[in-house]
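Beneath this line is the structure, given in structure tokens, with notes to follow.
Computed from a prediction, not measured in an experiment: that's the story for all the values here.
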Amino acid sequence: MKKFVFAFFIMVFVNVAFGQRIKYRDLFPMIQQADEEQSLQLIKEYLQVDAEHPNANFMLARIYEKRYKKFDLLTQNDLAIANAQQARLSLNKCKNLIDEREVKRNDEYYISENGTQMSFEQINTYLQSSIELIDKFLTAIPNIYENFTKSVSFYNKAVNKYAAIISSYNSLDDLYMLYDEKLEMDLNELKVYYDSTIYNLDAYLERIKSYPIGYGQRYSLKPITTYRLEGLVATIPFLKNEFIIWNYSDWADQINRVMKQDIITLKTRLIQHDKELTKLLEGKIEEQKQDKNLIDRELVFNLEKYDFQSLPVALLQYKNHLYKVKTREREKVYYDTAKNLEPESRYLFYSDMINYVREADTLITTARLRNTRENQIKHSQYIKEIYKGEKGLDNYIQSNKNAIEGRFDDYVSALRKIILLNKPEIGSREEIFIIYRKMKFPDYVTGIPKDVTTPGYFSTGREENADGSVYLSGFYKKDETSLAIAYIIKHHEGKVLWYKELGSGKEVAEASIPVKITITRQGLAVLLWHPSVSDVKSSLLYLDEAGEPLFEKQFPEVNLFPRDLKYNEAKNHFLLVFRGKNSGNTLDNGTSLVMNLQGNGEEVWQQQYTYTGDYIDIIQMLKGFILVSNATQYHGMDGSTQLGDTPFALMLRLNEQGKIIAANHYSNKNPFTIDYVLRVSDNNLNLLGTDGSDKAIHILADSFVRVIATNLD
């Protein structure tokens, strides 16, 4: 408040006094009592009236001298320089105005900072030394300030240039693969900005050693090691006592070094290697072994190291695989024309070729998906030299895609043809009989009659051993009222080796009908159905090679018809399938039960699957099983319900514990049913059947029950 009142008093006084030619002796006390700004104002006002007044100029010089020394020389440099220049002008003027006579006459005006009287000699010394200090200041500070501001400016440019570079490339690998002349120029500019930063910063720090300005900064260099996470700066930290500088120059050098040592060499090798593969595919150089990998693994590794989802790698892998396809295809003539060749051999060949071609289709499809504009830019020289440009690459991919799809269709058709040719004809048989004890047993499968009370001899299973001997299972009824007696015959070329009845002795002492038989390590397993009025009863009987029982297992809690029996020799396990209430295999709404037993009859697991349908087959895979049915309704794993007015093919993929891990169904606008399943390999499952016009139906699926081909519309 006092300061405000005093300032107001001075303002009023000055306005009045200067209008009446105030005397300096009256103004001087006010100058001494006022603050720096007020004193400066009073002196400037007075000098407008008396510009040559010695002490007024002396007081003005002292004010400017104080002012220039108090400003920050880096953040307030302009003010410091301006006040220093004003101080030097005033000091030089004082040298001409102040003499010994002036000092003696007005000695009360010349007071030192500590309040003592100043002599002329002291004043003269002060003026001379102050001018010398200001001259040094005005000589040193502009260079110091210039070096400092240039270091800040160049570092700011380096930061912005680096940010612009990394914002243009999603990853360091993209930067390498998209490296071009513009990026090279940007990296060179980045180096220039960085080097200029260091040059000016070092010059600044060296200058303030000889002319201290109150700062003593130190900096350290830090390498950029993590792309996009390091090297970015929000504010320039050069005013701090200690700060770091990102080493953009080394980073740019590293990029250029990798380009020269790795990327350029890599791209050159890629072109050479692709040309070699092309010549091999065209038969222009010596052929390699079929099982040899033709791709340079180190080349592929380095390409994928710098180029994630690399287009050239996909093309190389396709060409490498295509060579294997073409090599294996040379065997096609043999498998198409060879006589007396087992059908299984043809199955395997066509299955292998289907899988080969599917893999080729996957690889060329991968190449097509990777054929993006960005990937084309990454490998523009490669595409230009190998494919004559982007259009040539597009044509190559499309033409090979079409050719592979044609090959796939051809091999599926060939497999379908040979499978249908050798498919067992249901109901067809050569009527051969085994005569034993005046009984006539059919040596072919007759199946279970719809009316099991019908008298006669029926054969339900026939399995041939490796030595040519045959197990024959069935049952007979002498009349409508007698029990069905199950029998097992082992014969060799019609000569009975042994004969065993089930139902007349201690084994299974009730009506029995063998449903399925299977050969095992130790002999024969027989799945039996025991017709009953109220319940569906079944059992498993295990006989050795001589027909002696090893064990018998009843299934009193399984009130379902026994449908199938499989044996896994590798694990010595049995797989049993139950469904429905009678021998008829119809589209009923119910449960399929699959049971897994050890070779001694101990249960391992059992699982149930509910759907509306029948049972066709269960297929042993390398790991797990596939259950195949005709169905009209199924509740999927995701809770969805599949419904059909006509049956659809239902495939359930089971793991080794029988749990469903995948499910698929295939339907068609025209009704069809599946009646036969052939596993050629784990990735080649063939479902065969007929449609309403008795057309043969073929559905080809893989191990994950995905349909990969069909002759249905």
Side-chain angles (χ1 to χ4, degrees), residues 339-345 347 422-449 455-478 484-508 512-529 539-553 562 564-576 599-601 617 620 676 678-679:
K339 297 180 180 180
N340 302 321
L341 190 64
E342 291 295 325
E344 288 74 16
S345 297
Y347 296 161
N422 292 277
K423 176 187 173 184
E425 292 292 335
I426 299 175
S428 66
R429 59 185 181 266
E430 183 180 0
E431 296 189 351
I432 302 174
F433 297 90
I434 301 296
I435 307 300
Y436 184 74
R437 295 179 182 176
K438 298 181 180 181
M439 292 185 289
K440 190 177 181 181
F441 301 99
D443 194 19
Y444 55 89
V445 176
T446 64
I448 302 173
Y457 292 85
F458 304 95
S459 176
T460 58
R462 189 179 190 277
E463 294 290 331
E464 187 172 341
N465 285 297
D467 61 3
S469 62
V470 174
Y471 288 111
L472 190 65
S473 68
F475 69 97
Y476 69 89
K477 285 175 63 71
K478 293 181 179 180
I485 298 176
Y487 65 83
I488 304 293
I489 297 174
K490 185 176 183 180
H491 71 84
H492 187 271
E493 297 180 352
K495 181 181 179 181
V496 176
L497 302 179
W498 53 259
Y499 171 84
K500 188 174 187 66
E501 290 188 349
L502 312 174
S504 58
K506 62 180 179 180
E507 295 90 17
V508 197
S512 301
I513 296 178
V515 176
K516 286 283 184 177
I517 60 172
T518 185
I519 296 174
T520 69
R521 293 178 186 174
Q522 296 175 283
L524 185 73
V526 185
L527 182 61
L528 293 157
W529 169 44
S539 64
L540 177 67
L541 180 63
Y542 198 10
L543 306 174
D544 64 16
E545 292 182 351
E548 296 301 319
L550 296 173
F551 71 79
E552 179 184 344
K553 185 177 182 65
D564 208 350
L565 172 65
K566 307 277 188 180
Y567 176 70
N568 186 325
E569 185 173 5
K571 294 184 177 181
N572 190 28
H573 278 196
F574 295 107
L575 198 68
L576 291 77
N600 60 4
D617 206 347
Q620 174 76 54
Y676 179 68
L678 174 66
R679 175 190 180 274

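- When the side-chain contact (heavy atoms from CB on, under 4.5 Å) test is applied to Asn422, the partners found at least two apart in sequence or on another chain are Pro343, Tyr347, Ile418.
- Shortest non-hydrogen contact noted between Tyr444 and Glu431 is CE2-CA, 3.4 Å.
- Pro514 approaches Thr460 most closely through the heavy-atom pair O-OG1, 2.6 Å.
- In this structure a side-chain-to-backbone donor-acceptor pair under 3.5 Å is present from Ser473 to Gly461.
- The nearest pair of heavy atoms linking Thr518 to Leu524 is O-CD1, 3.4 Å.
- A search for side-chain hydrogen bond (donor to acceptor under 3.5 Å, both in side chains) contacts involving Lys571 returns Glu656, not counting sequence neighbours.
- One side chain, Glu501 or Tyr499, offers a donor N or O that lies under 3.5 Å from an acceptor on the other.
- No donor-acceptor pair closer than 3.5 Å links the side chain of Trp498 to the backbone N or O of Ile488.
- Annotation for Ala484 and Ile513: closest pair CB-CG1, 4.2 Å, computed over non-hydrogen atoms.
- Every residue two or more places apart in sequence or in another chain that forms a side-chain hydrogen bond (donor to acceptor under 3.5 Å, both in side chains) with Tyr542 is listed here: Thr520.
- By the side-chain contact (heavy atoms from CB on, under 4.5 Å) test, Lys516 pairs with Leu527, Asp564, Leu565, sequence neighbours left out.
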Worksheet item: Do Tyr471 and Asn465 pass the side-chain contact (heavy atoms from CB on, under 4.5 Å) test, and can you show the C-alpha distance, the side-chain angles, and the key distance before you say yes or no?
Response: CA-CA 8 Å; Tyr471 288 111; Asn465 285 297; 3.1 Å; yes
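- Within a 6.0 Å sphere centred on CG of Asn340, heavy atoms belonging to other residues, nucleotides or ligands number 12 at most.
- Across all their heavy atoms, Lys500 and Leu543 have their closest contact at CE-CD2, 4.2 Å.
- Remark: side-chain polar atoms of Thr446 are paired, donor with acceptor, to backbone N or O of Ser459 under 3.5 angstrom.
- With sequence neighbours left out, Phe475 forms a ring pair (Phe, Tyr, Trp, His ring centres under 6.0 Å) with Phe458.
- For Asn568, the side-chain hydrogen bond (donor to acceptor under 3.5 Å, both in side chains) test picks out Gln620, with sequence neighbours left out.
- Atom OH of Tyr487 sits about 5.0 Å away from atom CG of Leu472, to the nearest 0.5 Å.
- Across all their heavy atoms, Ala525 and Leu540 have their closest contact at CB-CD1, 4.3 Å.
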Item to complete: Determine, stepwise, if the pair Tyr567 / Leu575 fulfils side-chain contact (heavy atoms from CB on, under 4.5 Å).
Response: CA-CA 6 Å; Tyr567 176 70; Leu575 198 68; over 6 Å; no
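- For Lys477, there are no salt bridge (Lys or Arg N to Asp or Glu O under 4.0 Å) partners at least two apart in sequence or on another chain.
- Evaluation of the side-chain hydrogen bond (donor to acceptor under 3.5 Å, both in side chains) rule for Asn600 yields no partner, not counting sequence neighbours.
- For Tyr457, the ring pair (Phe, Tyr, Trp, His ring centres under 6.0 Å) partners are Phe441, Tyr476, not counting sequence neighbours.
- Counting heavy atoms from C-beta on, the side chains of Leu678 and Glu344 never come closer than 4.5 Å.
- Residues passing the side-chain contact (heavy atoms from CB on, under 4.5 Å) test with Glu493, sequence neighbours excluded: none.
- For the atom pair CG of Asp617 and CZ of Arg679, the computed distance is 12.0 Å after rounding to the nearest 0.5 Å.
- By the 4.5 Å heavy-atom criterion applied to side chains, Pro562 and Leu576 are not counted as neighbours.
- Annotation: salt bridge (Lys or Arg N to Asp or Glu O under 4.0 Å) contacts involving residues 433-444, sequence neighbours excluded, comprise Asp443-Arg462.
- Applying the side-chain contact (heavy atoms from CB on, under 4.5 Å) rule to Leu497 yields the partners Ser469, Lys490, His492; only residues at least two apart in sequence or on another chain are considered.
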